[in-house]
There are 2 protein chains.
Amino acid sequence: MVITYELQAECDGARAGLLHTTHGTFKTPMFMPVGTQATVKTLTPEELYDMGAQVILSNTYHLFLRPGADLIKKAGGLHAFMHWRQPILTDSGGFQVFSLGQMRKITEEGVTFRSHLDGSSKFLSPEVSMDIQMDLNSDIAMAFDECIPYPSDYEYTKQSTARTTRWAKRCVEHHRSDTQGLFGIVQGGMYKDLRQQSCQELVDLPFDGYGIGGLSVGEEKALMYEVLDYTTPCLPRHKARYLMGVGTADCLLEGVARGVDMFDCVYPTRVARNGMAMTHQGRLTVRNAAYAEDFRPIEDGCSCYTCQHYTRSYIRHLFKAEELLAYRLVSIHNLHFLLHFMQDMRQSIINGTFREFRRDFWKQYQDV
Amino acid sequence: MVITYELQAECDGARAGLLHTTHGTFKTPMFMPVGTQATVKTLTPEELYDMGAQVILSNTYHLFLRPGADLIKKAGGLHAFMHWRQPILTDSGGFQVFSLGQMRKITEEGVTFRSHLDGSSKFLSPEVSMDIQMDLNSDIAMAFDECIPYPSDYEYTKQSTARTTRWAKRCVEHHRSDTQGLFGIVQGGMYKDLRQQSCQELVDLPFDGYGIGGLSVGEEKALMYEVLDYTTPCLPRHKARYLMGVGTADCLLEGVARGVDMFDCVYPTRVARNGMAMTHQGRLTVRNAAYAEDFRPIEDGCSCYTCQHYTRSYIRHLFKAEELLAYRLVSIHNLHFLLHFMQDMRQSIINGTFREFRRDFWKQYQDV
């Protein structure tokens with residue numbers, strides 16, 4: 001296998017481990033910052049590395065449309081193109097394509113869609129997605145799945161989940177790489193039997209790990225946790241589990257409590273650009289007038305570059321003045337917060353104190 | 001004196017020296033990156049420092065309107081507010097106010113104008129400008145002068161230059177600081193006798209150095225050089241000379257050749273955000289389609305962070321994708337280019353090879 005998962009410790013359902021990839025090993029549980037267009041918005045690779053990012057995600061759909069997989073292949077692959085030396089996971093393009101709504105058409109062969117950039121007609125399929133991801137040469141490729149909307153009825157979900165399995169087989173058959181691993185993606189909507197069936201069918205295929213897709217799509221958090229409760233036990237203990245598109249502290253904690261190892265989301269960087277900082281107490285909208293003369297850092301005790309050097313007052317000024325440094329400083333804080341939150345959580349699993357970690361988190365966190 | 005200029009070497013009209021200020025000494029000739037709104041756009045102070053920036057400029061007009069000098073004073077002054085430990089020069093607000101055209105009214109007392117932010121009525125005068133700059137606590141304050149448009153007729157220029165002298169006296173009388181020096185600003189338009197008269201009147205006042213204002217306002221470069229030719233000889237040898245608002249390599253070189261020590265301009269960072277890189281050969285518009293598959297750095301041999309790690313192809317992709325990292329990477333290159341260009345120029349003055357430096361520059365530079 002190109003990728004191996006090494007389980008190090010378990011504690012109250014949570015797992016600590018190591019994922020070994022071509023571009024190095026990373027520690028789990030882990031949050032992956034998202035670099036949609038071959039850049040984590042506003043930040044350099046060195047900044048990401050320094051704040052503890054070990055693996056980042058980039059989007060096949062976006063890179064396929066611009067600048068194109070052939071150009072990135074010529075550049076020596078995505079790592080060289082974007083100057084990131086650590087592991088990269090690429091998604092399959094499925095989620096973005098299905099998000100296009102009326103602008104795409106699904107057949108058994110694949111999905112025809114219109115580019116959001118110029119309206120031109122494009123086609124993605126299990127084979128095309130594998131080809132693109134092999135050109136990008138990420139460390140972890142994701143299988144091309146169908147992402148259904150929420151809510152979806154049982155019958156459609158059942159048919160779609162079966163198609164995702166057929167597509168998964170085509171991905172496995174088409175994928176050839178000595179440097180890139182391949183993860184399957186569990187679907188099945190919010191239906192227990194379909195989730196379990198999806199797991200069963202995918203576990204029979206030689207995937208290096210498993211994404212859990214179709215969650216964080218508008219459902220209540222309690223429902224997402226319920227789906228995880230009956231999904232992760234169906235996945236193999238010695239492969240990594242990746243909950244896709246989840247990026248708030250509470251969901252990461254509750255995902256880890258249910259045996260998830262990896263997460264990604266644009267949330268920390270997207271809300272940062274809107275002036276919203278993430279803290280152990282919950283959100284802090286630093287661009288609010290209340291902070292105009294507040295000379296404290298975003299979060300007391302935070303060791304991030306932003307909190308070490310800048311006040312809420314200054315950051316608010318930068319937002320009011322629409323200065324680009326504002327987006328950068330809060331992106332640094334939010335990613336640092338989430339990455340260090342995961343480090344602390346991982347340590348508690350290794351120490352056998354995850355239960356206390358979880359309890360203490362909920363004592364101070366305000367979900368808004 | 002709070003500020004002293006130490007002349008180290010002279011070579012063919014060019015000077016190398018040291019300017020000692022409250023927040024440290026900087027080497028001249030020197031280009032000052034501009035941090036209009038208490039931030040050099042897209043960059044952190046650490047990045048500026050690492051690329052060789054020793055002193056930056058910030059704008060009194062902008063900070064007066066937002067966030068206000070009182071807030072910055074409460075924050076502990078501009079250095080603490082923006083986390084820049086090295087010297088800062090603040091302009092007087094004069095240039096920006098006079099650029100407002102119909103939105104301002106000049107009297108002997110000062111200038112009433114409308115804020116570009118909310119249209120509210122504001123007032124700047126020599127005394128108000130000194131008060132603001134003392135609140136900001138920059139290392140070098142600039143006198144409040146009248147900036148006239150180009151071209152202006154002899155009679156108006158004469159009256160205006162006389163007013164600038166009267167205002168300069170009021171600045172000197174009002175300015176009180178143990179940590180901040182004060183520079184006068186020479187005016188006089190494109191008229192030799194008025195420039196010389198302005199110098200004479202200002203040199204009689206106890207300024208710590210002299211700005212040369214009213215240039216780079218639309219005139220031909222040859223005319224600017226001609227004005228410098230007869231202006232700098234009228235300024236004292238043991239005080240610094242600062243050519244305001246000039247920031248292209250050719251003008252910096254020709255300014256230094258005429259005895260100028262300091263420069264500032266938004267040019268390197270502004271054109272960077274438009275995808276234009278500065279090189280020893282002239283401009284390179286890195287966002288052009290010609291560079292889509294060009295895997296070379298912006299400039300071969302450049303030691304900047306950007307050229308060490310990124311290709312023209314990648315940077316062009318970032319511009320096409322409107323990614324903020326694009327603005328950052330080219331800003332880093334352009335400022336690094338200009339700061340190192342000044343360092344090399346300074347070394348040639350000390351080595352006695354400035355004439356050769358100037359000749360070699362013109363052999364390869366294409367002014368477009």
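Just the heavy atoms: all of them, side chains too, but no hydrogens, waters or symmetry mates, feed the values below. Naming convention: chains lettered A, B, ... in sequence-line order (proteins, then strands); numbering from 1 in each chain.
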Participant: Picking from A/Leu71, A/Leu43, A/Ile72, A/Thr36, which has the most non-hydrogen pairs under 4.5 angstrom with chain B?
Facilitator: A/Leu71
Participant: Ring centres under 6.0 Å, that's the criterion: do A/His333 and A/Tyr305 meet it?
Facilitator: no
Participant: What option among A/Thr44, A/Thr311, A/Leu324 has the most heavy-atom pairs under 4.5 Å with chain B?
Facilitator: A/Thr44
Participant: Pick one of side chain, backbone, both or neither for A/Ala326, based on which atoms fall under 4.5 Å of a heavy atom in chain B.
Facilitator: neither
Participant: For A/Gly35, does its backbone N or O pair with a side-chain atom of A/Thr39 as donor and acceptor, under 3.5 Å?
Facilitator: no
Participant: When you measure from the side chain of B/Thr90 to the backbone of B/Thr60, do you find a donor-acceptor pair of N or O atoms at a distance under 3.5 Å?
Facilitator: no
Participant: Sort A/Glu323 into side chain, backbone, both or neither according to what part of it lies under 4.5 angstrom from a heavy atom of chain B.
Facilitator: side chain
Participant: Determine the sole option in B/Leu329, B/Asp294, B/Leu325 for which the side-chain contact (heavy atoms from CB on, under 4.5 Å) test with B/Ile315 is passed.
Facilitator: B/Leu329
Participant: Looking at A/Lys320, A/Lys74, A/His83, which makes the most heavy-atom pairs under 4.5 Å with chain B?
Facilitator: A/His83
Participant: With a 4.5 angstrom heavy-atom cut-off, could you sort out which part of B/Phe295 is near chain A: side chain, backbone, both or neither?
Facilitator: side chain
Participant: Select one option (side chain, backbone, both, neither) describing which atoms of A/Tyr314 are under 4.5 Å from chain B's heavy atoms.
Facilitator: both
Participant: A/Leu318 versus chain B, heavy atoms under 4.5 Å apart: side chain, backbone, both or neither?
Facilitator: side chain
Participant: Chain B heavy atoms under 4.5 Å from A/Arg328: which part of the residue, side chain, backbone, both or neither?
Facilitator: side chain
Participant: Looking at B/Ile88, is its backbone amide N or carbonyl O close enough to the side chain of B/His23 to form a donor-acceptor pair, meaning the two atoms are under 3.5 Å apart?
Facilitator: no
Participant: Please look at A/His309 and chain B and tell me whether the side chain, the backbone, both or neither of the residue comes under 4.5 angstrom of a heavy atom of that chain.
Facilitator: both
Participant: Is it the side chain or the backbone of A/Glu322 that comes within 4.5 Å of chain B heavy atoms, both, or neither?
Facilitator: neither
Participant: With distance as the sole test, does B/Asp118 use its side chain to make a donor-acceptor pair with the main-chain N or O of B/Ser120 at under 3.5 Å?
Facilitator: yes
Participant: Can you label the angle between the A/His116 ring and the A/His62 ring as parallel, tilted or perpendicular, going by 30° and 60°?
Facilitator: perpendicular
Participant: Closer than 3.5 angstrom, by distance alone: can the side chain of B/Asn334 be matched with the main-chain N or O of B/Met276 as a donor-acceptor pair?
Facilitator: yes
